[in-house]
**Student:** 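Dumping the structure here so I can ask a few things about it.
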Amino acid sequence: MQCGSFELLKKSTQCGARLGRLHTTRGVVDTPVFMPVGTQGSVKSISTEQIRDTKAQIILANSYHIYLRPGLEIIKKAGGIQKFNSWNGPMLTDSGGFQIFSLNSFRKINSEGVEFRSHIDGSKHFLSPEISMKIQKAIGADIIMCFDECTPYPSTFEYAKNSMLLSLEWAKRCKDEFYNDDSKNTQALFGIVQGSIFKDLRKESALKMRDMDFVGYAVGGVSVGESKEEMMNVVEATVPYLPENKARYLMGVGMPEDIWNSVERGIDMFDCVIPTRNGRNGQAFTSTGKVNIKNGEYKEKFEPLDPECDCQACRGYTKAYLNHLFRSQEILALTLLSLHNIHFMIKLTDKIKKALETDTFLEAKKEFFTKYYSNK
RNA sequence: GGGGGUGUGGCAGAGUGGUCUAAUGCAUCAGACUGUAAAUCUGACGGGCUUGCCCUUCGGUGGUUCAAAUCCAUCCGCCCCCA
């Protein structure tokens, strides 16, 4: 089966949610899926072994970061990113498009591409759709992304339109570059819909991307500061114009509530730094809501973080101990909470999948949130 | 016995006449984080309320001064050196 192809297994009769299977060179991914982010080829503070324990099916890496360090030569010599980090499973690389947004003070955009100053040493680098494709081919992830501009929020309609058209133009160039060799046999290129929060732009972008016939589609330019309501409006304005038989990936999302709400509207794939970043900063997601484990109230709570969770952190340790680890700045604190949060997100998608099998998505969602918000 | 130094908010430690409720760091208390420049960042941190102001703080007491953490006297505590 072609890498990146999507098998639609079941559609909810209640909403837009769907159960599916994404085929990749290194394995099958059941959707809806949450993909932990390992920007530099490593999910921060967590070993590949531990990532497997969380039952994550596919992880992300960032081509911009890997290109800067260790560099493509080393990745090639290693035999590709999956061998380098010994994950050996499905992976996805982002194109560097998000860095146009997040490193905005270090770059200059023109229609040809983007000039970056390395955030590491200030050196100049140029990224274009063609270069991004070459980089992502060299890294060798199963799924690679078009080089786009992640449009900042807020943007004027005019800026958002030009940005969306630029990403469209770049998408064509990505395709041309991607399909000029045998990489297409082992990798899949996904297109990215832009258009900020403007429905017309989202529709236009989605339809034109659809015409380009990508293997899969992403909704980009969300989770950049807009409200949750706006984010859902974007999803609703985009999904109806994407082909049903292809995967839909909402980039950079999200929180548990975002996952439920987006799956409900027809999204299949997610990635987000939240479980790991917030984990490192002391915030845990639990079945009864968010917990800031650093807070004083947990100093003497000799009970697991989440009694419903069977991750390493919850199996072996108490809130009091995790609180102590954070207060004493022990490295283990970062690992355990990151691990827990990833596990939580994976379990959440498991719940969703199970509910879709029995066509009870809305009931499951209600059950989840009744508990999740019960403490607040 | 002689000489020198020092005492500041939970801790460390600036400040040596007004701009001092008193820098800074730590600790403490909370909040934020969405395709990772993040083990990060923000805010609070004497008390009161009508949130602008009022009251109370720099070892104790007394004084000088329009004004004292800051100067003087004295008491108390601690540290160092020489015998």
Side-chain angles (χ1 to χ4, degrees), chain A residues 34-46 58-66 68-69 92-107 116-122 132 136 141 143-153 167 190 192-194 217-228 230-232 234 249-259 261-262 267 269-285 290-299 323 325-338 341 345:
Chain A
F34 180 82
M35 308 182 280
V37 179
T39 305
Q40 315 206 54
S42 159
V43 179
K44 290 187 192 296
S45 88
I46 296 182
I58 170 171
I59 61 176
L60 247 72
N62 185 289
S63 52
Y64 165 82
H65 289 267
I66 297 211
L68 284 185
R69 187 171 55 194
L92 182 153
T93 43
D94 189 25
S95 62
F98 184 71
Q99 276 61 45
I100 302 176
F101 162 78
S102 67
L103 301 175
N104 71 83
S105 57
F106 288 76
R107 51 73 170 158
F116 281 100
R117 301 217 77 118
S118 158
H119 66 283
I120 300 167
D121 61 9
S132 179
Q136 293 190 80
I143 296 172
I144 73 174
M145 302 303 297
C146 277
F147 187 66
D148 64 336
E149 184 196 7
C150 180
T151 310
Y153 176 88
S167 290
F190 276 29
I192 306 176
V193 174
Q194 289 289 343
Y217 292 93
V219 180
V222 293
S223 63
V224 287
E226 79 284 5
S227 69
K228 288 184 183 295
E230 284 171 319
M231 190 202 286
M232 285 310 119
V234 166
Y249 163 28
L250 188 61
M251 304 185 82
V253 175
M255 305 271 195
E257 59 271 28
D258 301 327
I259 308 275
N261 290 332
S262 306
I267 299 291
M269 302 166 64
F270 301 89
D271 80 280
C272 193
V273 304
I274 279 277
T276 44
R277 180 184 293 166
N278 289 24
R280 289 195 304 284
N281 293 335
Q283 188 176 80
F285 293 97
K290 288 188 273 189
V291 163
N292 191 341
I293 200 66
K294 292 197 257 192
N295 287 4
E297 62 174 302
Y298 301 112
K299 271 184 190 172
N323 176 275
L325 290 179
F326 267 100
R327 281 168 190 264
S328 6
Q329 296 185 54
E330 283 293 338
I331 306 175
L332 181 60
L334 315 181
T335 300
L336 287 178
L337 228 57
S338 298
N341 281 345
M345 299 307 292

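Residue numbering restarts at 1 for every chain, and letters A, B, ... go by the order of the sequence lines. Only a predicted model underlies this, so the values are computations on that prediction, with no experimental measurement involved.
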**Student:** Check this for me: R69(A), atom CZ, are more than 12 non-hydrogen atoms of other residues, nucleotides or ligands nearer than 6.0 Å?
**Tutor:**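 Count not over threshold, so no.
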**Student:** Within the distance-only criterion (no hydrogens, no angle test), does the side chain of T335(A) pair as donor or acceptor with the backbone N or O of S45(A) below 3.5 angstrom?
**Tutor:**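 Looks like yes, one N/O pair under 3.5 Å.
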**Student:** Taking pairing as Watson-Crick or G-U wobble with both contacts under 3.5 Å, can you name the mate of C41(B), or confirm there isn't one?
**Tutor:**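 Matched C41(B) with G31(B) under the 3.5 Å cut-off.
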**Student:** Which residue pairs pass the side chain to side chain donor-acceptor pair (under 3.5 Å) test with at least one member in residues 274-284 of chain A, sequence neighbours excluded?
**Tutor:**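 Qualifying pairs, neighbours excluded: N278(A)-Q283(A).
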**Student:** Going by modelled atom types, is there a donor-acceptor pair between the base of G35(B) and the side chain of N62(A) at under 3.5 Å?
**Tutor:**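 Looking at the base of G35(B), it does not pair with any donor or acceptor on the side chain of N62(A) (distance under 3.5 Å).
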**Student:** Mind listing the residues from residues 252-259 of chain A sitting with a heavy atom below 4.0 Å of RNA chain B? Number order is fine.
**Tutor:**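 Heavy-atom contacts with RNA chain B come from G252(A), V253(A), G254(A), M255(A), D258(A).
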**Student:** Just compare A30(B), A37(B), U34(B) and give me whichever is closest to any side-chain atom of N295(A).
**Tutor:**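 It is A30(B).
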**Student:** With a 3.5 angstrom cut-off on both distances, give the Watson-Crick or G-U wobble partner of G10(B), or none if there isn't one.
**Tutor:**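 The answer is C26(B), by the H-bond criterion.
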**Student:** Let's test this: given Watson-Crick or G-U wobble pairing with both distances under 3.5 Å, identify the partner of U21(B).
**Tutor:**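 Base-paired to nothing in any strand shown.
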**Student:** Heavy atoms from C-beta onward define the side chain here; which of U36(B), A37(B), A32(B) lies closest to that of N281(A)?
**Tutor:**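 Looking only at heavy atoms from C-beta outward on N281(A), the closest nucleotide is A32(B).
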**Student:** Going by side-chain contact (heavy atoms from CB on, under 4.5 Å), name the residues that satisfy it together with S118(A), two or more places apart in sequence or in a different chain.
**Tutor:**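 Scan of S118(A) (side-chain contact (heavy atoms from CB on, under 4.5 Å), adjacent residues dropped) gives L68(A), I120(A), D121(A), S123(A), H125(A).
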**Student:** Is there a donor on the side chain of K228(A) or the base of U34(B) sitting less than 3.5 Å from an acceptor on the other?
**Tutor:**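 Answer is yes: a donor-acceptor pair is held.
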**Student:** Sort out the partner of U36(B) for me: Watson-Crick or G-U wobble, both distances under 3.5 Å, none otherwise.
**Tutor:**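 Across all strands, not a single nucleotide pairs with U36(B).
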**Student:** Distance-only, no hydrogens or angles: does the N341(A) side chain make a donor-acceptor pair with backbone N or O of P275(A) under 3.5 Å?
**Tutor:**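 Here the side-chain-to-backbone pair exists.
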**Student:** For A73(B), which nucleotide in any strand shown is its Watson-Crick or wobble partner with both distances under 3.5 Å?
**Tutor:**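 Base-paired to U61(B).
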**Student:** By nearest atom, which of the nucleotides A30(B), U36(B), G35(B) is closest to the I192(A) side chain?
**Tutor:**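 Out of A30(B), U36(B), G35(B), the nucleotide with an atom closest to I192(A)'s side chain is G35(B).
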**Student:** Tell me which nucleotide, if any, is Watson-Crick or G-U wobble paired with G1(B) when both distances must be under 3.5 Å.
**Tutor:**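 By the stated definition (distances under 3.5 Å), C82(B) pairs with G1(B).
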**Student:** Check whether any side-chain N or O of S63(A) sits under 3.5 Å from a backbone N or O of S95(A) as a donor-acceptor pair, and report yes or no.
**Tutor:**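 Confirmed, S63(A) side chain pairs with S95(A) backbone.
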**Student:** Identify which nucleotide among U34(B), C33(B), U36(B) has an atom closest to any side-chain atom of D94(A), counting heavy atoms from C-beta outward.
**Tutor:**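 So the side chain of D94(A) is nearest to U36(B).
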